[in-house]
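Report on one structure; see the data block that follows.
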Amino acid sequence: MNNNVRVRFAPSPTGHLHVGGARTALFNYLFAKSISKDSKFILRVEDTDKERSSQEFLKSQLKDLNSLGITPDEGVFLDGDDIKEKDDNNNILDSKSTKSYKQSKRSELNIYKEKIDFLLQNGLAYYCFLTDEEIDTQKTLAKESKSTQQITSPYRPKNLEDAKTKNLEATEKISKGLKPSIRFNTISAKPEYIIKDLVRGEVKLPSNMVGDFVIQRSNGMPVYNFCCVVDDALMNITHVLRAEEHLSNTLRQLMIYEALNFTIPQFAHMSLILGEDKKKLSKRHGATSVEDYIKEGYLPEALINFLCLLGWSHPESKEIFSIQEAAKVFDLKRLNSAPAVFDTKKLLWMNGEYIKKLSPDDLKNKLNKHSPNNNHIDQFFTLLNTTSGSADVSQRKASSNTLRNTQISILQNSIKTLVEAKGILNLIFGQLNITDESNEVLSWNEAKDVLEFWIKQLNIKTEIYLTEEEFIDIQDKIKQTCKVKGKTLFMPLRVAVIGKPHGAELKEIIPLILVSNLINRAEQVLKTINKAD
RNA sequence: GUCCCCUUCGUCUAGCGGUCUAGGAUGUCACCCUUUCACGGUGAAGACACGGGUUCAAGUCCCGUAGGGGACGCCA
C-alpha cells in the first residue's frame with residue numbers, strides 16, 4: 001500500500017536507560033528515518049509491572065533519549081519536565097482520552113481485557129488456580145527427572161466444550177474470592193513456528209519450547225508478552241526491532257498473534273551488547289546506563305555514535321558521524337548478527353574526538369552543564385574572552401585568536417572526558433598540589449636557584465598577568481644567571497607552576513595564571529625544598 | 001538439562017564464491033615532532049575456531065564438532 005513503516009521502542013520504566021536499550025531505540029529510530037518522512041518512530045511505555053515501574057524512571061529515560069537525539073514522532077514524550085502523549089495526528093492526549101501509549105493506562109481502558117475475554121470464550125486461554133507451591137513442586141520434579149520444565153495445569157480445557165464448563169467453575173471460584181491467573185492454552189498451537197527474521201534469516205521455533213504461559217497475573221494485570229502483541233497489532237507496528245534476548249518470546253507472541261487473528265509484523269532480532277567478560281552487559285559490569293556515562297563526562301553525541309557502531313557499520317566505513325548522517329544511510333542489512341563487546345577504550349577515544357571538535361562556546365556550555373558548580377569554567381573562558389581594550393598587556397594578548405586557540409587547546413587536546421577538565425582547571429585556578437613525582441626534581445641542586453630567581457623576576461612585574469613573550473624573557477634570564485638549560489630548567493619551573501614535572505606547556509599555561517598566584521606557588525614549592533634540606 | 005542464536009586481528013568491524021599474500025578503526029609497540037606530558041604525524045606486530053563436504057575456485061554455500069551467548073518468571 002505504502003512504503004511507510006511504523007516502529008516502536010517500548011521501554012519499561014523500572015530503571016535508568018541502559019546502553020543496550022539506547023541502542024535498540026537508536027536502531028528503531030534510524031530505521032524509521034531512513035525509510036521515509038512519513039514513517040513513525042513510536043514510544044510506548046511497558047509499565048505492567050506496577051511494583052517496579054515509576055514516573056521518575058520514565059522521566060529519566062525520556063530525558064536520556066532526548067539528550068541522545070532520539071525523539072519519538074508519536075506516543076510518550078517529554079515536554080519540558082512533563083510527561084505527555086501524542087497520537088498519530090500529533091494531538092496531545094489528555095487524561096480523559098480513550099487512547100494511550102502507556103500499558104498501565106491501556107489496561108485501565110480495558111483494551112487487553114477485551115482480547116483476553118475473547119481467548120477465554122474460545123478455549124484459547126483459561127483461568128488457572130495453581131498455587132505458587134504447586135508450581136514450585138512441578139518445577140523441582142521436572143528438574144529431577146531431567147524432563148522439559150513446562151508447567152501443566154489441571155485447569156486447562158481440552159476443547160471448546162470443556163472450556164465452557166471450566167469457565168463456569170472458574171467464575172464460581174472467583175466469586176468466592178479466589179484470584180486466578182490466566183494462561184494461554186497452547187493445545188491448539190502448531191508444532192513449529194517459523195519467522196523470517198530480518199537479521200537472522202529463517203528461525204524455526206518448536207512449540208514445545210514453551211508451556212501454557214501466563215498472560216494475566218492474578219492481580220488482574222496482563223503481562224508483557226500479551227500486551228506487547230496486542231499493542232503492536234493495534235498500533236499497526238510494521239517492524240519489531242528488538243534485542244535477541246526476546247527471540248524466545250517471539251514464539252509465545254506468534255501464538256497470540258495467531259489466536260487473535262492479528263497480522264504478524266516483520267521481526268529483526270539484534271545481537272546483544274556484551275561486557276568485557278563476553279556476558280550480557282549488566283549492572284555488575286559497572287557503568288551501564290546512559291546516565292552513568294554522561295556523569296562520567298561522555299558526550300551524548302559520542303555515546304550514540306559509538307553505540308551505532310556496535311552491531312552496525314557505516315557503508316563507507318566512517319567511524320565518526322552524527323545520528324542524522326546515520327539516518328541517511330541506515331540499512332537493516334548492515335546489522336551484524338553476532339554479539340558485540342562494549343569497548344570502553346574505543347568509546348573514550350571517540351569521546352576525545354568529539355571534545356576536540358567542539359567550538360569554545362560549545363565546550364564551555366557542555367562543561368557548565370556537566371559541572372554547574374565549578375566556577376573555574378567561567379573564569380577560564382572569561383580569561384580567553386577578555387576584550388582587546390584591556391589595559392593589561394597579557395589580556396590584550398589573550399584576546400588574540402592564535403593565543404586564544406593555543407590556550408584553549410590546553411583544555412581541549414588533553415581531555416578525553418568532561419570530568420578531566422576539572423583537573424586542568426585546577427592547575428590554573430586551584431590550590432597548588434605538589435605531587436610525589438616532584439620530589440626528585442626538587443632535590444636537584446639547581447632547583448633552588450631557579451626558583452629563587454624566578455620569584456625575584458616575578459616580583460619586579462607590575463602587570464597582573466605575564467605575556468608569553470615576557471615569560472620567555474624571564475626564562476632566558478634564568479638560563480643565563482643560573483646556568484641551567486633543558487630538564488634542569490623546565491622541570492623545577494613546572495613544579496613551581498603546576499606542582500608536577502610533567503604536563504602543560506609553560507608558555508601556554510603561564511599567561512593564564514595571575515602573577516601573584518605564580519609567586520605564591522613558587523614560594524610554596526621553595527618552602528618544601530628548604531624543609532627537605 | 002532442554003530449546004534457540006552466534007563464531008574474521010585483544011576489541012568494534014569490512015567482506016554478500018574468484019579483485020583476500022583478508023581492508024579500516026580502536027588498543028598495543030616503535031619512530032618522528034616536542035628541552036616534559038599530551039596532541040599530531042609515520043610505521044610495525046596482530047584474525048578467517050576446527051573437521052568434512054559442494055565447486056574449476058570457499059573467509060564467503062552446506063553438514064558436523066568444539067567454544068561462547070541467550071531464553072526457559074504471575075520481569076520486560
Decide, yes or no, whether a salt bridge links [X] with [Y] under the criterion of side-chain N to carboxylate O below 4.0 Å.
X: A:Lys485; Y: A:Asp476; value: no
X: A:Asp49; Y: A:Arg52; value: yes
X: A:Lys113; Y: A:Asp117; value: yes
X: A:Lys366; Y: A:Glu301; value: yes
X: A:Lys346; Y: A:Glu319; value: yes
X: A:Arg44; Y: A:Asp232; value: yes

If you look at every strand shown and take non-hydrogen atoms under 4.0 Å, does [X] touch a base, only sugar-phosphate, or nothing?
X: A:Pro206; value: sugar-phosphate
X: A:Lys204; value: sugar-phosphate
X: A:Lys500; value: nothing
X: A:Gln216; value: nothing
X: A:Leu130; value: base
X: A:Val203; value: sugar-phosphate
X: A:Ser337; value: sugar-phosphate
X: A:His269; value: nothing
X: A:Arg200; value: sugar-phosphate
X: A:Lys479; value: base

Mind calculating the distance between [atom1] ([X]) and [atom2] ([N]) to the nearest angstrom?
X: A:Tyr354; N: B:rU26; atom1: OH; atom2: P; value: 14 Å
X: A:Ile151; N: B:rU2; atom1: CD1; atom2: P; value: 19 Å
X: A:Glu245; N: B:rC3; atom1: CD; atom2: P; value: 22 Å
X: A:Asn413; N: B:rG41; atom1: CG; atom2: P; value: 11 Å
X: A:Ile355; N: B:rA38; atom1: CD1; atom2: P; value: 18 Å
X: A:Glu276; N: B:rG69; atom1: CD; atom2: C1'; value: 17 Å
X: A:Leu493; N: B:rC37; atom1: CG; atom2: P; value: 17 Å
X: A:Ile509; N: B:rA38; atom1: CD1; atom2: C1'; value: 12 Å

Would you indicate whether A:Lys196, at its atom NZ, is surrounded by more than 12 heavy atoms from other residues, nucleotides or ligands within a distance under 6.0 Å?
no

Should we count NZ of A:Lys422 as having more than 12 external heavy atoms under 6.0 Å?
no

Rounding to the closest angstrom, what is the interatomic distance between [N] and [M] at atom [atom1]?
N: B:rU11; M: B:rG18; atom1: C1'; result: 31 Å
N: B:rU65; M: B:rA71; atom1: P; result: 24 Å
N: B:rC56; M: B:rG23; atom1: P; result: 29 Å
N: B:rC12; M: B:rC32; atom1: C1'; result: 29 Å
N: B:rA38; M: B:rA44; atom1: C1'; result: 23 Å
N: B:rU42; M: B:rA25; atom1: P; result: 10 Å
N: B:rA49; M: B:rG68; atom1: C1'; result: 11 Å
N: B:rC29; M: B:rG10; atom1: C1'; result: 14 Å

For nucleotides 62-64 of chain B, which of its nitrogen or oxygen atoms have a protein nitrogen or oxygen under 3.5 Å away, and what is each distance?
none

Looking at [N], which nucleotide sits across from it as a Watson-Crick or G-U wobble partner, both distances under 3.5 angstrom, or is there none?
N: B:rA57; answer: none
N: B:rG1; answer: B:rC72
N: B:rC20; answer: none
N: B:rC29; answer: B:rG43
N: B:rG67; answer: B:rC6

Nearest listed nucleotide, side chain of [X], among [options]:
X: A:Lys280; options: B:rG70, B:rU36, B:rC3; answer: B:rG70
X: A:Asp49; options: B:rC74, B:rA76, B:rA25; answer: B:rA76
X: A:Lys279; options: B:rA71, B:rA76, B:rG69; answer: B:rG69
X: A:Leu247; options: B:rC4, B:rU36, B:rC74; answer: B:rC4
X: A:Ser248; options: B:rG27, B:rA71, B:rC75; answer: B:rA71

Partner of A:His269 by side-chain hydrogen bond (donor to acceptor under 3.5 Å, both in side chains), out of A:Glu244, A:Arg242, A:Arg200:
A:Arg242

Taking every heavy atom of A:Ala22 against every heavy atom of A:Leu307, the minimum-distance pair comes out as CB-CD2, 3.9 Å

Given RNA chain B, 5'-ward residue of the pair A:Asp47 and A:Ala504, judged by closest heavy atom:
A:Ala504

Start at the 5' end of RNA chain B and walk down; is the nucleotide closest to A:Gly503 or to A:Leu272 reached first?
A:Gly503

Using the test salt bridge (Lys or Arg N to Asp or Glu O under 4.0 Å), find all partners of A:Asp449 that sit at least two apart in sequence or belong to another chain.
none

Classify the angle between the aromatic ring planes of A:Trp312 and A:Phe321 as parallel (below 30°), tilted (30 to 60°) or perpendicular (above 60°).
perpendicular

When you measure only distances, ignoring hydrogens and angles, does the side chain of A:Asn249 come within 3.5 Å of the base of B:rA71 through a donor and an acceptor?
no

Keeping the roles fixed (side chain from A:Thr481, backbone from A:Ile478), state whether a donor-acceptor pair exists under 3.5 Å.
no

Check this one for me: any side-chain N or O of [X] less than 4.0 Å away from OP1 or OP2 of [N]?
X: A:Ser317; N: B:rG23; result: no
X: A:Arg252; N: B:rC4; result: no
X: A:Lys139; N: B:rC72; result: no
X: A:Lys485; N: B:rU35; result: no

Between the protein and nucleotides 10-13 of chain B, which nitrogen or oxygen pairs are less than 3.5 angstrom apart?
| from | atom 1 | to | atom 2 | distance (Å) |
| --- | --- | --- | --- | --- |
| B:rU11 | OP1 | A:Lys278 | NZ | 2.8 |
| B:rC12 | OP1 | A:Val341 | N | 2.8 |
| B:rC12 | O2' | A:Leu309 | O | 2.7 |
| B:rC12 | O2 | A:Lys346 | NZ | 3.4 |
| B:rU13 | OP1 | A:Gly311 | N | 2.5 |

Establish, yes or no, whether the cationic atom of A:Lys115 lies under 6.0 Å from the six-membered ring centre of A:Tyr112 and within 45° of the ring axis.
no

